[in-house]
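Residue numbers begin at 1 in each chain, while the letters A, B, ... track the order of the sequences.
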Protein chains: 2
Amino acid sequence: MQDFALFWRNRLLMLKKERQTYILHQVNLHNKVLCTDLSQHMKVSDDTIRRDLNELAQEGRLIKVHGGALSSSFHSTPSDLEEIYSYDKKKIIAQKALRLIKNGMFVITSGGTTILELARSLPPDLQATFVSCSIPAVLEYANHPQCDVIMIGDKVSKNSKFTAGSEAITKIREIKADLCILGINALDIHHGISDNDWDVVQVKKAMTGAAQKLVCLTISEKINTQQPIQVCEACDIDILITELPPESDLLLPYKEAGIQVL
Amino acid sequence: MQDFALFWRNRLLMLKKERQTYILHQVNLHNKVLCTDLSQHMKVSDDTIRRDLNELAQEGRLIKVHGGALSSSFHSTPSDLEEIYSYDKKKIIAQKALRLIKNGMFVITSGGTTILELARSLPPDLQATFVSCSIPAVLEYANHPQCDVIMIGDKVSKNSKFTAGSEAITKIREIKADLCILGINALDIHHGISDNDWDVVQVKKAMTGAAQKLVCLTISEKINTQQPIQVCEACDIDILITELPPESDLLLPYKEAGIQVL
DNA sequence: CAAAATCCTGCATAAAACCGCAAAAAACAT
DNA sequence: ATGTTTTTTGCGGTTTTATGCAGGATTTTG
């Protein structure tokens with residue numbers, strides 16, 4: 001009977017972190033959560049949930065509103081200023097990445113603002129084929145006069161406007177591109193590339209295996225940071241591009257790990 | 001199953017901020033919104049909507065006027081009267097088509113401005129799944145708070161921003177949806193539905209076979225016109241929707257051919 | 001100018017957020 | 001182990017927020 005008690009204790013009491021992970025999952029899935037739903041669902045008081053939401057909101061992982069919370073990616077909000085701030089950096093990154101793309105190449109890319117900047121910067125006389133799951137990226141590529149564009153289809157993940165699912169991954173696995181260019185959200189020498197969205201990670205994982213060379217684009221702020229879910233090891237990266245000069249100290253460990261830094 | 005309760009409560013209750021985001025979205029799309037429309041759509045009182053509009057107006061996100069609100073982005077006078085006129089027709093068509101879409105349905109649609117208008121008019125509490133090859137349409141569906149969206153992937157046809165090819169057609173053939181809703185460019189009692197783009201026709205052909213019911217949307221100007229390539233026969237259509245009242249003379253032949261006219 | 005629609009203002013109410021506080025649990029140190 | 005500190009959680013009471021409703025004022029419309 002002690003086992004029984006233990007069972008229920010394990011069943012009913014969710015650790016704080018467990019709860020918060022679950023909350024984030026729900027928020028990213030449904031774009032919104034209600035305090036009352038969550039408290040009923042995991043059998044804790046409203047206050048506890050509210051405290052969780054406030055903490056998560058303070059970390060910027062969601063947006064707290066009266067009655068619940070909304071996904072932060074859902075609503076274009078204060079982070080826009082920061083986006084504008086790093087716009088210049090992304091432009092530099094895009095320029096560096098451009099040098100890798102040659103005529104006739106087959107390139108598979110992720111989404112994200114850095115990739116969008118790359119797509120906008122493509123020289124008009126380039127003739128290449130781009131593959132992506134990201135709807136905004138595909139639209140941007142489609143504006144190019146010469147390049148071919150292939151959209152990977154599947155269920156659309158609404159907050160981030162990209163397709164994800166087993167169909168998408170199967171399709172990506174059928175591809176062997178010349179380059180895979182990923183915009184990444186966290187890179188650490190030990191934890192490799194990581195991200196906080198399950199679907200994004202699955203797709204990126206598939207993409208890393210779908211090309212001869214793996215190129216990663218990121219602003220330097222994201223270097224030496226981690227996110228919950230791993231995409232791949234750092235040593236899987238072939239080329240790393242940031243806005244910093246290649247000889248910067250921050251990048252030294254990655255060079256030593258055999259990554260080409262631009 | 002516990003998720004089920006959460007599921008429904010999420011759909012019944014709309015957070016204030018959620019509402020306001022939705023309102024802004026509508027305003028930016030249509031350049032105007034009516035208080036009464038909004039309150040009916042989201043099933044809250046006029047007062048609540050008015051308060052929302054006032055708050056948003058105070059933040060400068062829109063311009064409050066008697067009876068509703070206008071987009072603040074370009075309050076330049078609606079220059080193109082014809083544009084507005086055909087917009088009204090399409091809005092009528094969209095409203096009629098809405099009545100066919102029930103909760104839980106699986107709907108496959110084409111692209112085009114009429115379909116876009118339909119996507120924008122979906123009631124916020126609808127829960128359905130939409131499949132499409134059209135990138136603008138998918139983006140529009142993805143803005144809906146509840147509906148699932150599936151993008152069919154393939155090579156992107158740049159001028160019209162939709163995917164087409166054998167992969168897409170194979171994928172469409174795997175689907176059996178409740179409804180297929182096509183925005184069409186030409187309809188004639190003898191030549192059926194026709195279009196002028198080879199890829200569009202191939203995709204539409206596949207779509208007509210991928211659903212139990214075929215619904216066609218078109219403004220009356222396109223009735224009794226022809227285009228070079230045929231999609232299907234007129235008698236394959238189950239339901240025809242135009243901006244005209246169903247008893248209009250123009251539509252008589254189609255009724256006689258066994259098509260339900262709305 | 002009159003009727004209809006829309007708005008504002010205050011008020012009532014229910015839900016949600018906040019504030020301490022105390023108990024329980026977990027982590028830590030001895 | 002055992003006692004101490006820290007963290008986490010739930011509870012009661014209070015304050016704030018969100019929303020609908022009723023009326024009278026105001027605007028639009030024909």
Taking atom CG of B:Asn143 and atom NZ of A:Lys161, what is their separation to the nearest 0.5 Å? 4.5 Å

Grab the N/O contacts between the protein and nucleotides 25-30 of chain D below 3.5 Å, and write none if there aren't any.
none

Nearest-Å distance for atom pair NZ/P, residues A:Lys32 and C:dA16: 13 Å

Between CZ of A:Arg51 and P of C:dC18 the distance, given in whole Å, is 11 Å

Please report, rounded to the nearest Å, how far the P atom of C:dA15 is from the CZ atom of A:Arg50. 13 Å

Quickly, which of B:Thr114, B:Ile241, B:Ile101, B:Ile108 forms a side-chain contact (heavy atoms from CB on, under 4.5 Å) with B:Ile181? Name it, please. B:Ile101

So does B:Ser45 get a side-chain nitrogen or oxygen closer than 4.0 Å to the phosphate oxygens (OP1/OP2) of D:dT19? no

Applying the salt bridge (charged side-chain N to carboxylate O under 4.0 Å, His left out) criterion to B:Glu55, which one of B:Lys16, B:Lys17, B:Arg61 satisfies it? B:Lys16

Side chains of A:Gln26 and A:Tyr22: donor-acceptor distance under 3.5 Å anywhere? yes

Atom-pair distance (CG on A:Asp52; P on D:dT8), nearest Å: 10 Å

What distance do A:Ile193 atom CD1 and A:Lys204 atom NZ have between them, rounded to the nearest 0.5 Å? 7.5 Å

Reckon A:Asn54 touches a base, only the sugar-phosphate, or nothing at all at heavy-atom distances under 4.0 Å? sugar-phosphate

Could you check whether A:Ser45 and A:Thr48, counting side-chain N and O atoms only, form a donor-acceptor pair closer than 3.5 Å? yes

Relative orientation of the end axes in the helix from C:dC1-D:dG30 to C:dT30-D:dA1, expressed as an angle to the nearest 10° (five pairs per end): 50°

Return the nearest nucleotide to the side chain of A:Lys16; candidates are D:dT9, C:dC8, C:dA17. D:dT9

Side-chain donor-acceptor pair present, B:Gln127, B:Asn103, cut-off under 3.5 Å: no

Any donor-acceptor pair under 3.5 Å linking the side-chain atoms of A:Asn185 with those of A:Lys222? yes

Given atom CD of A:Glu55 and atom C1' of C:dC18, what is their separation to the nearest angstrom? 15 Å

Take atom CD of A:Glu18 and atom C1' of D:dT9, then tell me their distance rounded to the nearest Å. 16 Å

A:Asp46 CG to D:dG12 P: how many Å, rounded? 13 Å

Return no unless some side-chain N or O of A:Arg19 is found under 4.0 Å from OP1 or OP2 of D:dT9. yes

Please determine, for the side chain of A:Asp47, which listed nucleotide (C:dA16, D:dG20, C:dC19) has the closest atom? C:dC19

Looking at B:Asp46, B:Asp47, B:Asp52, which one forms a side chain to side chain donor-acceptor pair (under 3.5 Å) with B:Ser39? B:Asp46

Atom-to-atom span, CG of B:Asp37 to P of C:dT6 - whole angstrom: 10 Å

Base, sugar-phosphate, or nothing for B:Lys64, non-hydrogen atoms under 4.0 angstrom? sugar-phosphate

